[in-house]
Asks: 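I have a structure I would like to understand better, so I am pasting it below and will then ask my questions one at a time.
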Amino acid sequence: MTELFMLSALGLMLSLFLGLLRVLLGPGIGDRMLATQLIGTSGVGMLLLFNEVFNQPALLDVALLLALLAAVAAAAFTGQQKTHHD
Amino acid sequence: MNSAGLIVFDALLLLSIVGLAWASLATTDVRRSIILFMALGLVLAVAWGRLLAPDVALAEAAIGAGLSGALLLAAAHGQPSPLPPESTNAPRNHGAAGMGMVLRWAITLLCAALAGTLVWALLHAFSNPQHDMLPRAISANLAASGVSNPVTAVLLNFRAYDTLLELAVLLTAVLGTFALGQATPGYRPAGLVFDGLVRWLVPVLILTAGYLLWAGAHAPGGAFQAGATLAAAGVVLRLAGRTRIGLPVGFMLRMIMAAGVGVFLLVGLTLLLLGRPFLGYPPAWAGSLILMIETAAMFSIAATLLLAFLGGQPESTDVNAVANRQREEDPRC
């Protein structure tokens, strides 16, 4: 079972790495932001797997918080600040 | 097979951390650099999880991945865009470039010195056979601390002084924010999709903050992570263009800002009057006192972070004050 989890974690790492390439290469700023979200989602998956592999239930809380705050990061990117003339 | 898989995993994780750190420093575009920094925060949280340090991972996920990104993006918005090269006169430009070069080398040297110190400390800790003395002392006294999570026991009981002073630093930071004057202008009202996100994200963030505060007694969590999560709820509301973001005004706001330090000091001084050492909780009361201090600290931390995001004193929601200001700005009415 642990082998299966380990393989899945490696698969998620691959997805994180592909997301990383998009973050580094762009080209648009939106592409980079969406790739950051992919990294966040892969990270949540990895933390959930680590919780099983290393038997650390606290990592579930980390995964929860990472999922929530990644959404906040996306919100921070989309929010449009008013200028003083608005 | 298993350990080989772990080594490959760790190597890739390490590579992505170094790559992202380098890229976020090397890029010249501010917004791009911030997004790379946010991605770095996400990967770092995973790395702390992989190192089985959930306390640090929680703090990194709450502050590094989400909040600092939002803070930095808001700060970048207020920055004037860099001037085109032909509009600056040559000699001044030259001086600025030289200054930048000196600054870059100074930062590089300081970073190298820090890395050297850390390596030295690590080698020292490994060569010293007694390096588990502190963990042993903590587990021996954990029963008397009032909580079962050793990190909370250190932060709120054994080294409560440190946490009190950290909260005082945060209070000073708010005073600095207030010195900036009025808050930056708000955000445009959110579109349909963003508004839908706000409707479920904000309640879940508030609930999670309460959960982290409560969990801090027996599992990773506590006031700092909970406060950051609570602040994130206010940040999302402001990003969505709401005028009310859960931050009180006037006297109430000042009370909440000072609550962390205030309750901490009140508990310490009361214990002093009762003939105990400053912040030396009686073991029977320690659990409740710690929860009380942490609750007050959570609200103070959330208010501090939210005010930092506002970038100044919040605008008064008092109708008369708003009307007065509009009259001052527009003399025609």
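Every chain is numbered from 1 and lettered A, B, ... according to where its sequence line falls, protein lines coming before strand lines.
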Asks: Report yes if the side chains of A/V62 and B/W48 come closer than 4.5 Å at any heavy-atom pair, otherwise no.
Replies: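 Of all side-chain heavy-atom pairs linking B/W48 with A/V62, none is under 4.5 Å.
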
Asks: How would you list all residue pairs meeting salt bridge (charged side-chain N to carboxylate O under 4.0 Å, His left out) that involve residues 206-232 of chain B, not counting sequence neighbours?
Replies: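 Listed by first then second residue: nothing to list.
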
Asks: For chain A, which candidate among B/S68, B/G19, B/P54 shows the most heavy-atom pairs at distances under 4.5 Å?
Replies: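 Counting heavy-atom pairs under 4.5 Å, the top option is B/P54.
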
Asks: Report yes if some heavy atom in the side chain of B/P220 is under 4.5 Å from a heavy atom in the side chain of A/D61; otherwise report no.
Replies: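 No, side chains not in contact.
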
Asks: Restricting to non-hydrogen atoms, name the atom on A/I39 and the atom on B/A39 that form the minimum distance, rounded to 0.1 Å.
Replies: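 What the structure gives for the nearest pair is CD1-CB, 4.2 Å.
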
Asks: Given a strict heavy-atom distance threshold of 4.5 Å, which part of B/F194 is in contact with chain A: side chain, backbone, both, or neither?
Replies: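 Answer is side chain: those atoms of B/F194 sit under 4.5 Å from chain A.
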
Asks: Please look at B/D29 and chain A and tell me whether the side chain, the backbone, both or neither of the residue comes under 4.5 angstrom of a heavy atom of that chain.
Replies: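 Side chain of B/D29 only, per the 4.5 Å heavy-atom cut-off to chain A.
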
Asks: Which heavy atom of A/L47 sits nearest to which heavy atom of B/A45, and what is that distance?
Replies: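 That closest heavy-atom pairing would be CD2-O, 4.5 Å.
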
Asks: For A/L25, does the CG atom sit with more than 12 other heavy atoms under 6.0 Å from it, leaving out its own atoms?
Replies: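 Yes, because the 6.0 Å sphere around CG of A/L25 holds more than 12 heavy atoms from other groups.
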
Asks: Please tell me if the side chains of A/L24 and B/L36 come closer than 4.5 Å, counting only heavy atoms from C-beta onward.
Replies: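 Contact flag for A/L24/B/L36 side chains = yes.
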
Asks: Heavy-atom distance under 4.5 Å to chain B: side chain of A/L64, backbone, both or neither?
Replies: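 For A/L64, the side chain is the part near chain B, not the backbone.
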
Asks: Suppose we screen for salt bridge (charged side-chain N to carboxylate O under 4.0 Å, His left out). Which residues come up paired with B/D195, at least two apart in sequence or across chains?
Replies: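 Once residues adjacent in sequence are excluded, the partners of B/D195 under the salt bridge (charged side-chain N to carboxylate O under 4.0 Å, His left out) criterion are B/R199, B/R242.
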
Asks: Are side-chain heavy atoms of A/L66 and B/V46 found at a separation under 4.5 Å?
Replies: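 Answer yes - side chains close enough.
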
Asks: Would you indicate whether the side-chain heavy atoms of A/V72 and B/L205 approach each other to under 4.5 Å?
Replies: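 Heavy-atom side-chain distance check passes, below 4.5 Å.
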
Asks: Can you tell me which portion of A/M46 sits under 4.5 Å from chain B's heavy atoms? Options are side chain, backbone, both or neither.
Replies: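 The side chain, not the backbone.
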
